[in-house]
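Each remark here refers to the structure printed beneath this line.
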Amino acid sequence: MIKKIGILTSGGDCGGLNAVIRSVTLTAINKYGWKVYGIKDGTEGLIRDPIDAIELNLKSFESNLMRLGGTFLGSNNSGNPFNYMQKNGKRIDVSDKIINGFNKLNLDSLIGIGGDGSMKILQKLTKKGNINFVGIPKTIDNDVMFNEFSIGYDTAVNVATNALDMLQPTAASHKRAMILEVMGRDAGHIALNAGIAGGADIILIPEIKYSLKSIAKHIEKIKLKERSHILIVIAEAVRKEDGSKAYVKYLNGQVRLGGIGNYISDRVSNMTKVETRVTVLGHLQRGAQPSHKDRLIASAFGVYAVDMIAQKKFNRIVVWQNRKITDIDIDKVAGKSKTIDIKDPLIKVAKALDIYVGEI
Ligand code: F6P
């Protein structure tokens with residue numbers, strides 16, 4: 001008999017997380033009469049002593065939580081429990097601690113909300129601890145395999161599209177080439193979708209090679225025939241000409257993708273004499289108010305995940321396929337990443353609109 005379930009958010013936050021926690025809690029309590037425990041800061045809450053988890057109830061959601069970005073449970077995207085960095089800088093395996101924490105809470109099942117990286121960790125962890133696990137995909141990168149829409153992706157694409165809407169008038173006023181660098185890790189979903197929706201002239205994604213010469217030629221052509229300003233969208237993992245990616249190193253030693261916009265900007269302005277400016281959109285894509293679609297997907301995924309627990313369908317991930325929700329074995333998803341196929345219909349759309357999307 002299921003009586004008590006746990007829920008945690010893992011990896012980078014995004015719009016729609018509070019909505020999915022709400023959906024799980026409301027369904028578990030209203031439909032099944034179960035207790036729900038929200039674990040703090042991803043799996044971190046299970047390592048702490050005392051365990052950092054709170055019982056969630058209907059009152060927990062009486063405020064405007066579902067309308068807000070972020071996750072009120074907290075999350076963590078810098079720790080692998082099998083290789084966990086301690087305060088003294090040494091790395092140890094804390095997986096047993098997490099499993100013990102889970103067992104101490106006396107939970108019958110765990111819902112983990114995460115992206116491809118988190119799913120891989122949670123798969124390993126729940127297998128080791130024999131934990132009844134259901135995964136829900138969330139990530140602005142939208143790179144979870146066999147899943148069309150991850151929670152948070154739509155909000156991020158909207159933010160990037162809005163950014164292009166706001167860059168266009170200032171680009172036109174100053175006859176500039178405006179470069180917008182967006183997130184997405186190794187997948188170009190945000191860049192391609194927002195680029196088309198936001199009327200970009202050039203979209204660079206990690207999946208397709210570009211040539212600086214072709215970019216310059218495309219800019220010259222637009223300036224000659226169409227208009228004096230240009231919009232360029234670049235995904236953060238697009239490579240430099242030597243094949244390396246652009247990174248930012250933070251003072252605490254963390255290394256994150258970033259900087260390719262400036263790299264391309266310097267080269268493009270040199271080659272074309274067009275004035276360029278760069279906007280790095282960054283975490284606005286994550287913290288924005290969740291879109292209607294993300295709240296909807298979050299609500300539907302939450303209900304489905306709780307129903308799966310009731311049916312004892314474990315070690316599976318909820319996915320969106322062909323306009324409906326279904327579930328898939330976690331082993332098929334974990335460790336894989338859904339990037340853009342060059343045969344993606346949107347590439348054809350972009351090319352027909354005379355958007356430069358690389359050398360294809
Ligand atoms: O995976 C989500 C994501 O926002 C990526 O698009 C980005 O590369 C990364 O996380 C940024 O991580 P952090 O929040 O640690 O800077």
Side-chain angles (χ1 to χ4, degrees), residues 7-17 20 41-44 71 73 75-84 95 98 110-128 131 133-157 160 182-193 205-207 235-239 245 247 254-258 283 285-286 294 297-298 301-302 304-305 308 314-321 325-341 344:
I7 181 166
L8 59 83
T9 45
S10 175
D13 71 338
C14 62
L17 291 179
V20 66
D41 303 330
T43 49
E44 285 270 343
T71 161
L73 288 179
S75 194
N76 186 339
N77 75 345
S78 54
N80 175 354
F82 294 92
N83 192 21
Y84 182 82
S95 56
I98 294 174
L110 176 70
I111 292 183
I113 304 156
D116 60 341
S118 299
M119 287 304 169
K120 195 172 172 201
I121 290 171
L122 290 168
Q123 172 213 35
K124 204 168 157 193
L125 207 57
T126 52
K127 246 188 198 164
K128 183 175 180 193
I131 294 169
F133 179 71
V134 172
I136 297 181
K138 67 86 220 170
T139 162
I140 64 163
D141 308 336
N142 205 28
D143 55 359
V144 172
M145 205 68 184
F146 306 115
N147 174 47
E148 283 157 35
F149 296 111
S150 288
I151 297 167
Y153 167 65
D154 185 66
T155 304
V157 177
V182 298
M183 284 184 166
R185 281 232 168 99
D186 291 315
H189 301 290
I190 298 177
L192 182 62
N193 284 262
I205 57 174
E207 294 88 341
E236 62 180 0
V238 164
R239 290 172 189 271
K245 292 181 190 169
Y247 289 105
Q254 285 183 332
V255 178
R256 294 289 184 269
L257 288 163
H283 293 80
Q285 295 157 98
R286 296 237 303 255
D294 271 334
I297 292 172
F301 276 180
Y304 193 96
M308 278 173 69
F314 297 123
N315 307 319
R316 298 182 74 76
I317 292 181
V318 180
V319 288
W320 190 284
Q321 288 177 351
I325 302 175
T326 181
D327 51 273
I328 187 160
D329 192 331
I330 191 168
D331 294 341
K332 288 198 176 139
V333 176
K336 295 189 183 124
S337 180
K338 182 190 74 174
T339 52
I340 293 179
D341 190 298
D344 191 301

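What you see is a predicted model, and the numbers here were worked out from it, not measured in a lab.
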Original post:
Hey, are the side chains of I111 and I136 touching, using non-hydrogen atoms and a 4.5 Å cut-off?
Top reply: yes
**OP:** Side-chain contact test, heavy atoms from C-beta onward, threshold under 4.5 Å: evaluate it for I113 versus L8 and give yes or no.
**Re:** no
Subject >> Distance-minimising heavy-atom pair for A298 and V20 >> reply: O-CG2, 3.5 Å
Original post:
Between Q285 and M183, is there a donor-acceptor pair closer than 3.5 Å when you use the side chain of the first and the backbone of the second?
Top reply: yes
**OP:** Run the numbers on T139 and D116 for side-chain contact (heavy atoms from CB on, under 4.5 Å), then give the verdict.
**Re:** CA-CA 8 Å; T139 162; D116 60 341; 5.8 Å; no
Subject >> Qualifying residues under side-chain hydrogen bond (donor to acceptor under 3.5 Å, both in side chains), relative to D331, sequence neighbours excluded >> reply: Q123, K127
Original post:
So do V319 and I325 actually touch side chain to side chain, heavy atoms under 4.5 Å?
Top reply: no
Original post:
So do the side chains of N315 and F133 get within less than 4.5 Å of each other, counting heavy atoms only?
Top reply: yes
**OP:** Could you grab the distance from atom NE2 of H283 to atom CD1 of I140, nearest 0.5 Å is fine?
**Re:** 8.0 Å
Original post:
About how many Å separate OG1 of T9 and CG of N77, when rounded to the nearest 0.5 Å?
Top reply: 11.5 Å
Original post:
Any side-chain heavy atom of Y247 within less than 4.5 Å of one from R256?
Top reply: no
Subject >> Inter-residue atom distance K332.NZ - M145.CE, 0.5 Å rounding >> reply: 12.0 Å
**OP:** Keeping the roles fixed (side chain from E236, backbone from R185), state whether a donor-acceptor pair exists under 3.5 Å.
**Re:** yes
**OP:** Test D186 against K245 for salt bridge (charged side-chain N to carboxylate O under 4.0 Å, His left out), laying out the working first.
**Re:** CA-CA 10 Å; D186 291 315; K245 292 181 190 169; 2.8 Å; yes
**OP:** Please report the shortest heavy-atom distance between G112 and L122, naming the atom on each side.
**Re:** CA-CD1, 4.1 Å
Subject >> cation_pi(K124, F82) dist<6.0 Å, angle<=45 >> reply: yes
**OP:** Go through D141 and H189 one step at a time and tell me if the side-chain contact (heavy atoms from CB on, under 4.5 Å) criterion holds.
**Re:** CA-CA 7 Å; D141 308 336; H189 301 290; over 6 Å; no
Original post:
Considering only heavy atoms from C-beta outward, does the side chain of I7 approach that of L110 to under 4.5 Å?
Top reply: no
Original post:
Between atom CG of N193 and atom CG of N142, what is the distance when rounded to the nearest 0.5 Å?
Top reply: 8.0 Å
Subject >> Distance-minimising heavy-atom pair for S75 and G11 >> reply: OG-O, 2.5 Å
Subject >> By salt bridge (Lys or Arg N to Asp or Glu O under 4.0 Å) - contacts of K336 (at least two apart) >> reply: none
Subject >> Set of side-chain hydrogen bond (donor to acceptor under 3.5 Å, both in side chains) partners for N76, sequence neighbours left out >> reply: E44, S78
**OP:** State plainly whether the residues K338 and D143 are in salt-bridge range, i.e. N to O under 4.0 Å.
**Re:** no
Original post:
Looking only at heavy atoms, what is the nearest atom pair of C14 and I151, with distance?
Top reply: SG-O, 3.4 Å
Subject >> Backbone N/O of S10 and side chain of K138: donor-acceptor pair under 3.5 Å >> reply: yes
**OP:** Measure the shortest side-chain to side-chain distance between T126 and F314 over non-hydrogen atoms and say whether it is less than 4.5 angstrom.
**Re:** no
Original post:
Are the side chain of R316 and the backbone of D327 linked by a donor-acceptor contact shorter than 3.5 Å?
Top reply: yes
Subject >> Residues N147 and S150: side-chain donor-acceptor under 3.5 angstrom >> reply: yes
Subject >> Interatomic spacing from NZ in K120 to CD1 in I330 - rounded to 0.5 Å >> reply: 12.0 Å
**OP:** Look at the side chain of D344 and the backbone N and O of I340, then say whether any donor-acceptor pair between them is shorter than 3.5 Å.
**Re:** no
Subject >> Check: V318 and V134 side chains under 4.5 Å, non-hydrogen atoms >> reply: yes
Original post:
For A235 and G188, which heavy atoms make the closest approach, and how far apart are they?
Top reply: CB-CA, 4.5 Å
Original post:
Just checking, any donor-acceptor pair under 3.5 angstrom between side chains of T155 and D294?
Top reply: yes
**OP:** Could you please spell out the steps behind the side-chain contact (heavy atoms from CB on, under 4.5 Å) verdict for E207 and V238?
**Re:** CA-CA 8 Å; E207 294 88 341; V238 164; over 6 Å; no
Original post:
Considering all heavy atoms of both residues, which atom of I297 and which atom of F149 are nearest to each other, and what is their separation?
Top reply: CD1-CB, 3.5 Å
